[in-house]
Every structure is written in C-alpha cells, then in structure tokens.
Number of protein chains: 2
Amino acid sequence: MKYTMRKIADHEPLCEDIAGKGCGLKKVIDTVGGKWKIMILCVIDKNEVVRYGELSRSVHGITNTMLANSLKELEADGLVERKQYDEMPVRVEYNLTEKTKSLIPILLQLKKWGEDNL
Amino acid sequence: MKYTMRKIADHEPLCEDIAGKGCGLKKVIDTVGGKWKIMILCVIDKNEVVRYGELSRSVHGITNTMLANSLKELEADGLVERKQYDEMPVRVEYNLTEKTKSLIPILLQLKKWGEDNL
DNA sequence: CTGAATCCTTTTGGATACTG
DNA sequence: CAGTATCCAAAAGGATTCAG
C-alpha cells in the first residue's frame, strides 16, 4: 500500500480560517488595517495624550475626513479613549487604552522585521 | 518661569515617521497589507508547499485575478518562492522564503492579541 | 477647536473570457 | 494547469465647505 506523504507545518497553524470572522488575525487587519490607523496609534503612543489638532499636524498627509473617521472607529473598537473638555474653545484629548498598549510591543517587532527584511 | 510638562512614552518610539518610506512598519503594511496576502501566506505556511490550484481553492473567496496579482507581488518582494516544473500539464509550486518564516511567529502573536482583545 | 457633510478621485477587488 | 486581459463595481481616500 502506498501513501503520498505531505509535509505540514510543525507549529500552531497561523490561521485555520482567516476568512472567517472569528479569526484573530482577520480582526486585527479589519480594525487597524488601512492607510492611517497604525500611524495614528503611533503618534498617540509617542505622546501618551494628544489633541485632535496635534494629530492633524503630526500624522503627515492625513485629511480631516480620514482623521475624524479613523478616530471614531478606533474609539468604537475600544482602541483609543476620547476625553472632551467643554472649555471655550472646546478641547479634546485622545489616549491609548490598556489593550492597545499591549499591542505596541507586537507592532515594534513587526517594525523591526520590516527593517531587517524589506 | 513656568513650564508645561508633557509626558512622553518611555519605550522605543513605535515609529518616528511611519509616513516615510524608510519606516519598517510602513514597509510591512505596504507589502502584506490588503485583503489577501496574509491569507495566502497562511495557507502556504500550513502546507509548506502549495500549488496554484490548491491556493485557489483554499483561500476562500479569492478570484484568479487577485491570486495571480498577489503571488506575483509576494514573489517580487521575496516573500514566496515560485518553482515551475515543465511537465504536461505544467505544475507550479509555491513556498515561503526563510525571512517570511521568521514573520510567522509575529503574526501568531498578532492573531492571539486579536482573539483576546477584539 | 473639533469635527460633520458633501461631492469627487483613486485604488482595490471582481466577473468573465481567453491563452500557452 | 496556471495563469492574462479586459472591463466593471465597490470601497477607500481626498478636497472643500460648513457648523457647534
């Protein structure tokens, strides 16, 4: 009796079904994918607390539309916190949530991998 | 004399200028961003060696256009290797390069983070 | 100052048919 | 079998204007 042997990866599968909504990797891509969100997280991470106008200036090239949209989605997904101070003129501050802070070290590894390999 | 104190992050900056072409994080996003590339890497990783037709069936929902385009770009960026056997009919096999294999553990962390936090 | 609303452009992805 | 070529649809992103 003959068998066709097929090697398979020896580590935990990267993703059984990344197309499925349950896949953690897909969730990450869906929430921080796109052109701007990681950049926004970068700037907030660097300063800990950032105002809307600062982000607008620091995230080089972003438009008002995209900044506002991205911030709203990031807040809805629990990645950033928004605090509004009703002074005149109004002041709004953004900071990372705890779970987002735990994402930063992984992004740092990704950054280093990109520097070394791309 | 008064100073405005401003907290800054105490760890290595996630990205000084992620908009700049030199940023490793931006490179990663540019190379494996998009809807399909990580899924393709997943499937190749799982099987070590995969044929075009297998990818077409395994990457759920992908079209010929996108599969072909993605594979060409992944190959151009040195993330996958393509081997063509001139049999009849022709057979083509894809596998991950060494540097891509070193990316997998980072993606696994990302996946776990997504499962725990999203 | 911090956005929302609208309209427009660009990019990405998809369907179908076809080739060596 | 492993793709290409063409054309089309959808989504992402951008410019401008306006508002609380």
Side-chain angles (χ1 to χ4, degrees), chain A residues 4 18-19 21 26-44 47 49-77 79-95, chain B residues 4 6 18-19 21 26 28-44 47 49-77 79-95:
Chain A
T4 302
I18 193 185
K21 284 193 65 177
K26 179 169 173 52
K27 289 184 186 174
V28 172
I29 295 172
D30 287 349
T31 30
V32 299
K35 192 171 177 181
W36 299 111
K37 287 183 180 175
I38 290 189
M39 295 179 59
I40 293 170
L41 296 184
C42 285
V43 173
I44 303 181
N47 300 279
V49 164
V50 190
R51 295 181 59 172
Y52 184 92
E54 288 180 286
L55 281 169
S56 185
R57 287 184 299 275
S58 301
V59 181
H60 189 70
I62 199 171
T63 59
N64 251 334
T65 315
M66 291 312 295
L67 179 55
N69 287 350
S70 301
L71 283 172
K72 241 190 331 192
E73 290 174 15
L74 287 171
E75 193 195 356
D77 290 327
L79 297 187
V80 306
E81 274 172 11
R82 177 184 186 277
K83 287 175 190 153
Q84 176 167 343
Y85 302 88
D86 289 327
E87 310 165 348
M88 182 58 100
V90 58
R91 178 166 56 104
V92 174
E93 290 182 348
Y94 292 91
N95 61 277
Chain B
T4 301
R6 190 62 184 281
I18 193 184
K21 284 191 65 178
K26 179 170 175 49
V28 172
I29 296 172
D30 287 348
T31 355
V32 299
K35 193 171 175 181
W36 300 109
K37 286 182 180 175
I38 289 188
M39 294 179 59
I40 293 170
L41 296 183
C42 286
V43 173
I44 304 181
N47 299 279
V49 164
V50 191
R51 296 181 58 173
Y52 184 91
E54 287 180 285
L55 282 169
S56 184
R57 288 185 298 276
S58 300
V59 181
H60 190 70
I62 199 170
T63 59
N64 251 334
T65 316
M66 291 312 295
L67 180 54
N69 287 350
S70 301
L71 283 172
K72 247 193 321 199
E73 290 175 15
L74 287 171
E75 194 196 355
D77 290 329
L79 296 186
V80 307
E81 273 171 13
R82 177 184 185 275
K83 287 175 190 153
Q84 177 168 343
Y85 301 88
D86 288 327
E87 310 165 348
M88 179 61 96
V90 59
R91 178 165 56 103
V92 174
E93 291 183 348
Y94 292 91
N95 61 276

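Being a predicted model, the structure only gives us computed values, none of them experimental. Order of the sequence lines fixes the chain letters, A, B, ..., with proteins taken first and strands second; residue numbering starts at 1 for each chain.
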Rounding to an integer number of Å, can you tell me how far [X] [atom1] sits from [N] [atom2]?
| X | N | atom1 | atom2 | value |
| --- | --- | --- | --- | --- |
| A:Y85 | D:dG20 | OH | P | 25 Å |
| B:N69 | D:dC7 | CG | C1' | 14 Å |
| A:D86 | D:dG20 | CG | C1' | 11 Å |
| B:K83 | D:dA2 | NZ | P | 15 Å |
| B:E87 | D:dC1 | CD | C1' | 11 Å |
| A:E54 | C:dG3 | CD | C1' | 16 Å |
| A:E73 | D:dG13 | CD | C1' | 12 Å |
| A:I40 | C:dG3 | CD1 | P | 12 Å |

Which listed nucleotide ([options]) is nearest to the side chain of [X]?
| X | options | answer |
| --- | --- | --- |
| A:T63 | D:dG3, D:dA15, C:dA15 | D:dA15 |
| B:M66 | C:dG3, D:dC1, C:dG14 | C:dG14 |
| B:V92 | D:dG13, C:dA15, D:dA2 | D:dA2 |

Comparing nearest nucleotides in DNA chain C, the 5'-proximal residue of the pair A:A68, B:K35 is A:A68

So, the side chain of B:S70 versus the backbone of B:L67: is there a donor-acceptor pair under 3.5 Å, distance only? no

Distance check: side-chain N/O of [X] vs OP1/OP2 of [N], anything under 4.0 Å?
| X | N | result |
| --- | --- | --- |
| B:K72 | D:dT4 | yes |
| B:R82 | D:dA2 | no |
| B:R51 | D:dA2 | yes |

Where each residue is assigned the nucleotide of DNA chain D containing its nearest heavy atom, which of A:G33 and A:N64 is assigned the position nearer the 5′ end? A:G33

Does any donor-acceptor pair link the side chain of B:T65 with the base of C:dA15 at a separation under 3.5 Å?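 Pair found.
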
Non-hydrogen atoms of B:N95 and B:V49 that approach each other most closely: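 Nearest heavy atoms, B:N95 then B:V49: CB-CG2, 4.2 Å.
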
For A:L55 and A:V43, the nearest pair of non-hydrogen atoms, with its separation, is CD2-CG1, 3.7 Å

Side chain to side chain, B:K35 and B:M66, heavy atoms closer than 4.5 Å: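 Not touching, per the 4.5 Å side-chain cut-off.
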
A:N64/A:Y52 under side-chain hydrogen bond (donor to acceptor under 3.5 Å, both in side chains): CA gap, chis, key distance, verdict: CA-CA 10 Å; A:N64 251 334; A:Y52 184 92; 2.8 Å; yes

Could you tell me whether B:Y94 contacts a base, only the sugar-phosphate backbone, or nothing, with contacts defined as non-hydrogen atoms closer than 4.0 Å?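 Sugar-phosphate: the residue B:Y94, judged by heavy atoms under 4.0 Å, touches backbone atoms but no base.
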
